[in-house]
Protein chains: 2
Amino acid sequence: MGKIKLDDTDHKILNMLIENTRTPFTDIAKKLLISAGTVHVRVKKMEEAGIITGSSLSLDYKKLGYMFIAYVGIYLKKTSQTQFVINRIGEIPNVTVASITTGKYNVFCKLRAKNTDHAKGIIFKIDDIEGVQRTETMISLEESINDKKRLMHSIFDEM
Amino acid sequence: MGKIKLDDTDHKILNMLIENTRTPFTDIAKKLLISAGTVHVRVKKMEEAGIITGSSLSLDYKKLGYMFIAYVGIYLKKTSQTQFVINRIGEIPNVTVASITTGKYNVFCKLRAKNTDHAKGIIFKIDDIEGVQRTETMISLEESINDKKRLMHSIFDEM
DNA sequence: GGTGAAAGCACCGAGTT
DNA sequence: AACTCGGTGCTTTCACC
């Protein structure tokens, strides 16, 4: 987990792997005019440095019957209960992200559900957590995801 | 892109691939007591059915110098401008997700930035989009991500 | 830090049950 | 549908630059 300085070749490797984790190292090597062994060594280094933390599948949740996305803003009774509430929320598998925030809400989270009824049940679970004063739900009608690739390009441009 | 009915074996394959996209099919085959060829055929079917849409790297953005996460709630002047605003937001690479929502805000998005100054610039860009009336920013002090695996388990349990 | 070759595996399609 | 098997190609290591 030591420090590491990424160069342009590393950026290019990351950009290719972000688009498709299973891109063969031989393909990357050909494109970057280096050997497959070098690609392998560089990827391994980035894994060891903790920059690459893993890889995961992109799934179509709608096809799995999960049509519903909602954001829930949470007001707490006391901010000292934040960690407790975050832990309880973490136990609900349908909550995909939870953040401690400053601003309007104390805690903010996102959930996935099959339908409105299912979502209602999950939101009620959040409401029932000790320390939660009130929640505000925003239903996502449509989500557009700005792909990782563009973010990465901008990160590397600014480095 | 035809219909497909996933069975328990498919769920187990997905659960293993979600943890690590590069898990060799031979390993999956051993664990599930089926042949590697079968794993291959099933994964291919799920790809063709559009359930698996791709794969991507998990990165430590903090190590890349992006320490800052914020959520921005947007009020529009008229909802008829929603798509226009979503498109403009999509052009900002630092915005990682944007949603059209019902509830408190018309549009809701999440952004990644290097620091507060950098974030300020991005938020000002959003404020400047034609049709945006006002924004409310929530700074994420700490983000806990409920891993995909747990969500998937719950999806499969409920099927 | 990079290379290139070689050994070890994985992938994937064809043919079979 | 799932299996086996073989050709092809990918990964990974290592001696050398």
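Every chain is numbered from 1 and lettered A, B, ... according to where its sequence line falls, protein lines coming before strand lines. Scope of the values below: all heavy atoms of this structure, side chains included, with no hydrogens, waters or symmetry mates.
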[atom1] of [X] versus [atom2] of [N]: gap in Å, rounded?
X	N	atom1	atom2	result
A:Glu47	D:dT12	CD	C1'	13 Å
B:Leu33	D:dA1	CG	C1'	17 Å
A:Met16	D:dC10	CE	P	13 Å
A:Leu32	C:dG2	CG	P	11 Å
A:Lys31	D:dC10	NZ	C1'	18 Å
B:Asp27	D:dT11	CG	P	15 Å
A:Glu48	C:dG1	CD	P	12 Å

Do the side chains of [Y] and [X] get nearer than 4.5 Å, heavy atoms only?
X	Y	answer
B:Ile74	B:Leu76	yes
A:Tyr105	A:Val72	no
B:Thr135	B:Tyr75	no

Report task. Would you please confirm or rule out a distance under 4.0 Å between OP1 or OP2 of C:dC11 and any side-chain N or O of A:Arg22? Result ->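 Yes, within the criterion.
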
**Report entry** Contact under 4.0 Å: B:His40 side-chain N or O vs C:dC12 OP1/OP2
**Finding:**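 For C:dC12, OP1/OP2 do have a side-chain N/O of B:His40 under 4.0 Å.
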
Report task. Check whether the ring centres of B:Tyr61 and B:Phe68 lie less than 6.0 Å apart, and answer yes or no. Result ->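 Distance test on ring centres: not under 6.0 Å, no.
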
Picking from [options], which would you name as closest to the side chain of [X]?
X	options	answer
A:Arg42	D:dA2, C:dG1, C:dA10	C:dG1
A:Ala36	C:dG1, D:dT12, C:dA10	D:dT12
B:Lys44	D:dA1, C:dG13, D:dT11	C:dG13
A:Ile34	C:dG1, D:dT4, C:dT3	C:dT3
A:Phe25	C:dG1, C:dA10, D:dT12	D:dT12
A:Ser35	C:dG1, C:dT3, D:dC10	C:dT3

Query raised in the report: Looking at NZ of B:Lys77 and CG of B:Asn106, how far apart are the two atoms once the value is rounded to the nearest 0.5 Å?
Result: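 Reported value, rounded in 0.5 Å steps: 12.5 Å.
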
Report task. From the options B:Ile145, B:Leu151, B:Asn146, select the one residue that forms a side-chain contact (heavy atoms from CB on, under 4.5 Å) with A:Val95. Result ->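 Option passing the side-chain contact (heavy atoms from CB on, under 4.5 Å) with A:Val95: B:Asn146.
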
Query raised in the report: Looking for any heavy atom pair under 4.0 Å, which part of the strands does B:Thr26 touch: base, sugar-phosphate only, or nothing?
Result: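 Sugar-phosphate, no base atom in range.
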
Query - Strand contacts (DNA chain D) in residues 51-59 of chain A, 4.0 angstrom heavy-atom criterion - result: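 Output list: empty, so none.
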
Query raised in the report: Is A:Val97 reachable from A:Ile89 through a run of hydrophobic residues whose side-chain heavy atoms are each under 4.5 Å from the next?
Result: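 Different clusters: A:Ile89 never reaches A:Val97 through Ile, Leu, Val, Met, Phe, Trp or Tyr contacts under 4.5 Å.
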
